[in-house]
Amino acid sequence: MEAARSVAFYTLGCKLNYSETSTLGRLVEERGYRKINFQQGADIYVINTCSVTDNADKKCRKVVREALKYSPDAYVCIVGCYAQLKPREIAEIPGVDAVLGAAEKFRLLDLLDGFQKKSVPQVFASEVTEARRFNSAYSLHDRTRTFLKVQDGCNYHCTFCTIPLARGKSRSDTIESAVNQAQEIAQTGVKEIVLTGVNIGDYGIVDGKRQNRFLDLVQELDQVAGIERFRISSIEPNLLSNEVIAFVAQSQRFVPHFHIPLQSGSNKILRQMRRRYLRELYADRVQKIKNLMPHCGIGVDVIVGFPGEKEEDFLETYHFLNELPVSYLHVFTYSERANTPAAAMNEAVPMKVRQQRSKMLRTLSEKKRRKFYEENLGRTATVLYEEDVAEGQMQGFTENYVRVSAPYDPLLINELQLVQLGEIDERGAVAITPASVLVS
Ligand code: SF4
């Protein structure tokens, strides 16, 4: 009998890509293929690409080269956002055999059997408007937490963003299917689910029609037995309703942690970005959260160096963030993306200035994080320990996203433990000692 063909995957990009690769991996195994590690030399390589990372083209080329190093005759298939945006360019990368766009990503399963090397690469990439189907996905890389995809695509048109071009219109899983998957995940022993999507606050559009709201999903998932924690990954401020905040505040399972993109603290820049809120709304959302959950962790995405961002606009962002009771920042240095309105705007900010601004906000982020951790010292919290071990210490996160370190104990991996938060250690995590453990 002929041995089953082997498939190896590589993922570039976001949580959504990771959840999709993970699901594709499980599905190819169900089809009778052997899923192996990248370095093991596979018959077929599937590379899931991203359009948001800098140098997407360069990174893609590098992964193809690496794959062929391990298996010179391998069949190489490129899928994902970058494959959707630039299918022809990708097909020209030496060694690429197939390119699958957004609507075709999950057709991989049907196409696999026919993957045989040909003299010219095959390109399966329809217009992104064809990407209307919702494909469920969740990651299952380790047992600690999993990313469950509940929504895909985006109907917004932020002027800097390529995601709607790469992933298409907003569409969602049904509540029933999301709940079923959460139950399936609970069976595997996973304790925490992170809800993932492109614009999850817009959850609820199924087959082109709005059927539910995000709050409905949250309320149903809250009842799934076996999952100890749900985390909402990132939600647009204008879609983070009072009802969602109030529900999370009283929930035993949804943790007090939000990640809310701000992008700029200047209303002038927010308008140019075509974001759907002004800074006042953002501040109001943060205040509402803090009123109900004083120790809630709040992460912020912010872009520096958007075209037209003058020194005073940047300082407005800086001071706005400095005053807000948020816990940490994810800082992005603006870079031009082809086919976006922002790329054609005047008054580009010099790269050196973008980098200086980025550095200032990263420093501010460290200050914010430290202050947030300090406010948590002495409190009791529940930690979910992860598998990573460094220098005899293991790490985990509290409900509100304080990073905790504790002496390594293999029995604690993927366990929840009620602890008292001690001091901030030299690596910037909060140390606990076994003596401060309250309940195991
Ligand atoms: S909300 Fe804006 S930034 Fe986010 S995916 Fe949609 S278009 Fe892109």
Side-chain angles (χ1 to χ4, degrees), residues 12-20 48-54 56 80-82 84-85 101-103 105 128-129 131-132 134-135 137 147 149-173 194-205 208 210 213-214 232-241 244 258-279 281-282 285 299-309 317 329-345:
L12 294 159
C14 64
K15 294 181 187 122
L16 212 53
N17 266 7
Y18 278 94
S19 64
E20 289 174 343
N48 196 358
T49 59
C50 169
S51 64
V52 175
T53 45
D54 282 327
C81 294
Y82 194 57
Q84 177 65 39
L85 290 185
K105 191 185 270 189
V128 74
T129 46
R132 282 185 235 119
F134 181 83
N135 293 291
F147 301 118
K149 173 182 160 190
V150 294
Q151 187 274 342
D152 199 350
C154 185
N155 292 347
Y156 287 13
H157 299 281
C158 303
T159 51
F160 53 84
C161 184
T162 52
I163 295 176
L165 305 173
R167 284 194 168 264
K169 290 249 179 254
S170 178
R171 55 205 187 273
S172 304
D173 207 352
V194 183
L195 298 184
T196 308
V198 170
N199 187 349
I200 59 171
D202 192 38
Y203 172 85
I205 300 175
R210 173 155 307 279
R213 294 168 309 153
F214 184 58
I232 297 170
S233 60
S234 175
I235 182 161
E236 291 290 300
N238 50 308
L239 296 173
L240 178 54
S241 64
V244 170
F258 292 97
H259 194 94
I260 318 169
L262 168 69
Q263 311 308 17
S264 174
S266 147
N267 282 342
K268 179 190 107 183
I269 299 294
L270 285 174
R271 286 192 183 97
Q272 283 169 7
M273 289 175 162
R274 246 188 262 151
R275 303 286 291 164
R276 300 201 179 186
Y277 54 86
L278 297 175
R279 55 189 252 144
L281 178 129
Y282 193 95
R285 300 294 75 203
V300 184
D301 286 342
V302 54
I303 297 174
V304 291
F306 189 79
E309 186 189 68
T317 299
L329 316 175
H330 282 176
V331 184
F332 299 88
T333 306
Y334 173 76
S335 76
E336 286 75 6
R337 302 274 176 238
N339 303 322
T340 58
M345 286 179 184

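The residues of the chain are indexed from 1 along the displayed sequence. Here the structure is a predicted model, which means the values were calculated and not measured. Atoms within a ligand are numbered from 1 in the order they appear, just like the ligands themselves. Note that these values count all heavy atoms, side chains included, but never hydrogens, waters or copies made by symmetry.
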**Q** Are the side chain of Asn199 and the backbone of Ile235 linked by a donor-acceptor contact shorter than 3.5 Å?
**A** no
**Q** What protein heavy atom lies closest to atom 5 (S) of ligand 1? Include the residue and the distance to one decimal.
**A** Val198 CG1, 3.4 Å
**Q** Within ligand 1, which atoms have a heavy atom of Phe160 less than 4.0 Å away?
**A** 3 (S)
**Q** Has Arg279 got a side-chain atom pairing as donor or acceptor with Gly265's backbone, closer than 3.5 angstrom?
**A** yes
**Q** Got a donor-acceptor contact below 3.5 angstrom from the Asn238 side chain to the Tyr277 backbone?
**A** no
**Q** Has Thr159 got a side-chain atom pairing as donor or acceptor with Gln272's backbone, closer than 3.5 angstrom?
**A** yes
**Q** Tell me, which protein N/O/S atoms are under 2.8 Å away from atom 2 (Fe) of ligand 1?
**A** Cys158 SG
**Q** Closer than 3.5 angstrom, by distance alone: can the side chain of Lys149 be matched with the main-chain N or O of Asn135 as a donor-acceptor pair?
**A** yes
**Q** So Thr317 and Ser266, side chain to side chain donor-acceptor pair (under 3.5 Å) or not? Walk me through it.
**A** CA-CA 6 Å; Thr317 299; Ser266 147; 5.8 Å; no
**Q** When you compare the side chain of Ser241 with that of Phe214, does any pair of heavy atoms fall below 4.5 Å?
**A** no
